[in-house]
Structures are given as structure tokens and as C-alpha cells.
Amino acid sequence: MKMFVEPEDIYLHTAPVDFRKSVNGLLGIIESELEMNAFTGALFLFTNRKQDKLKCLFWDKTGFALYYKRLEKHKFKWPKLHDMDKLRLTESQLNWLLGGYDVIGHQPLHYQGSGL
């Protein structure tokens, strides 16, 4: 995604949110659930339950910018992380997410033995 901003950090909120929320509602999630400061210049990503919509919130030192995208036929490959409320992304991973790719990739496997 070519944006007119270059965020310092990019954070993905892993749980779906109510998309009736706008700037103030998303700020509440950043401050209460993620326990982060929204005024740092970081970009925060949110999705809805169906994962066909995306909101990005960004503080640009003069106000908040809210980017909204709705997919017409597909879904975002939102990571399913039950033990984390946020995931830090690189700019490349953000572009992968917006392009329909999985930002996590293959998860490491942990075995105790071969089972042979």
C-alpha cells in the first residue's frame, strides 16, 4: 500500500472489532486492550468479524487519519493468534496482507520424537 505517511511501526490488532467504531472507538481499543499510545506515529490495523474489511488508524502529528478498505469478493488473511492481542508487522508484511497473502507464513512445529 503506497501511503502518504511512513509509520514508525505497524501493529495489527488480532481480534475482530465492531466496524461501527470510528476514530474514538479504535483509540479506546488501542489504549485499553493493546495498552499502547496511539500518538506515537504507529499505524494500527483492525478487521471485522468476516475479515472482508480493514481499517488503519494513524496519528500524523496534526490529527488522526483513518483508512478504510472493503473487499468485494475475498477476505484478508488475518492471522489467528489466540495468545496475542497484537502483532507487529513490517511494511512488506502490510503489503502482503493487503495483497491477499498470509503475513505469518508457516508456523514452527515442535515435536518430542519422530513417532517411528
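Positions are given from 1 along the sequence. In this text the structure is predicted, and so the values were computed from the model without any measurement.
Partners of Arg88 according to the side chain to side chain donor-acceptor pair (under 3.5 Å) rule, which considers only residues two or more places apart in sequence or in another chain, are Asp9. In terms of the ring-ring contact (aromatic ring centres under 6.0 Å, His included) criterion, Phe76 has no residue partners (sequence neighbours excluded).
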Pairs under 3.5 angstrom only: tabulate donor-acceptor contacts from the side chains of residues 29-40 to other protein residues two or more places apart or in another chain.
unit_1, atom_1, unit_2, atom_2, d
Ser32, OG, Gly28, O, 2.6
Glu33, OE1, His13, NE2, 3.0
Asn37, OD1, Phe39, N, 2.8
Thr40, OG1, Asn37, O, 3.4
Thr40, OG1, Ala42, N, 3.4

Between side-chain atoms of residues 16-26 and protein atoms elsewhere (two or more places apart, or another chain), which donor-acceptor pairs fall under 3.5 Å?
unit_1, atom_1, unit_2, atom_2, d
Asp18, OD1, Arg20, N, 2.9
Asp18, OD1, Arg20, NE, 3.0
Asp18, OD2, Arg20, NE, 3.1
Asp18, OD2, Arg20, NH2, 2.8

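Sequence neighbours left out, not one pair with a member in residues 43-57 passes salt bridge (Lys or Arg N to Asp or Glu O under 4.0 Å). Residue pairs satisfying the salt bridge (Lys or Arg N to Asp or Glu O under 4.0 Å) criterion with at least one member in residues 61-73, sequence neighbours excluded, are listed as follows: Arg70-Glu72.
Note that CD of Gln93 and CG of Leu87 are 6.5 Å apart. Values are rounded to the nearest 0.5 Å. For the atom pair CD1 of Ile10 and CZ of Phe44, the computed distance is 11.0 Å after rounding to the nearest 0.5 Å. Atoms OG1 and CZ, on Thr14 and Phe46 in that order, are 10.5 Å from each other to the nearest 0.5 Å.
Tracing side-chain contacts under 4.5 Å through hydrophobic residues (I, L, V, M, F, W, Y), one reaches Leu97 starting from Leu43; they form part of the same cluster. Hydrophobic clustering of Ile, Leu, Val, Met, Phe, Trp and Tyr side chains at less than 4.5 Å, counting indirect connections, keeps Phe64 apart from Tyr67.
The side-chain heavy atoms of Trp78 and Leu45, taken from C-beta on, include a pair separated by under 4.5 Å. In this structure, Leu98 and Leu54 have side chains that are in contact, with non-hydrogen atoms separated by less than 4.5 Å.
Of the options Thr90, Leu89, Asn95, a side-chain contact (heavy atoms from CB on, under 4.5 Å) to Ser92 is made by Thr90 and by none of the others.
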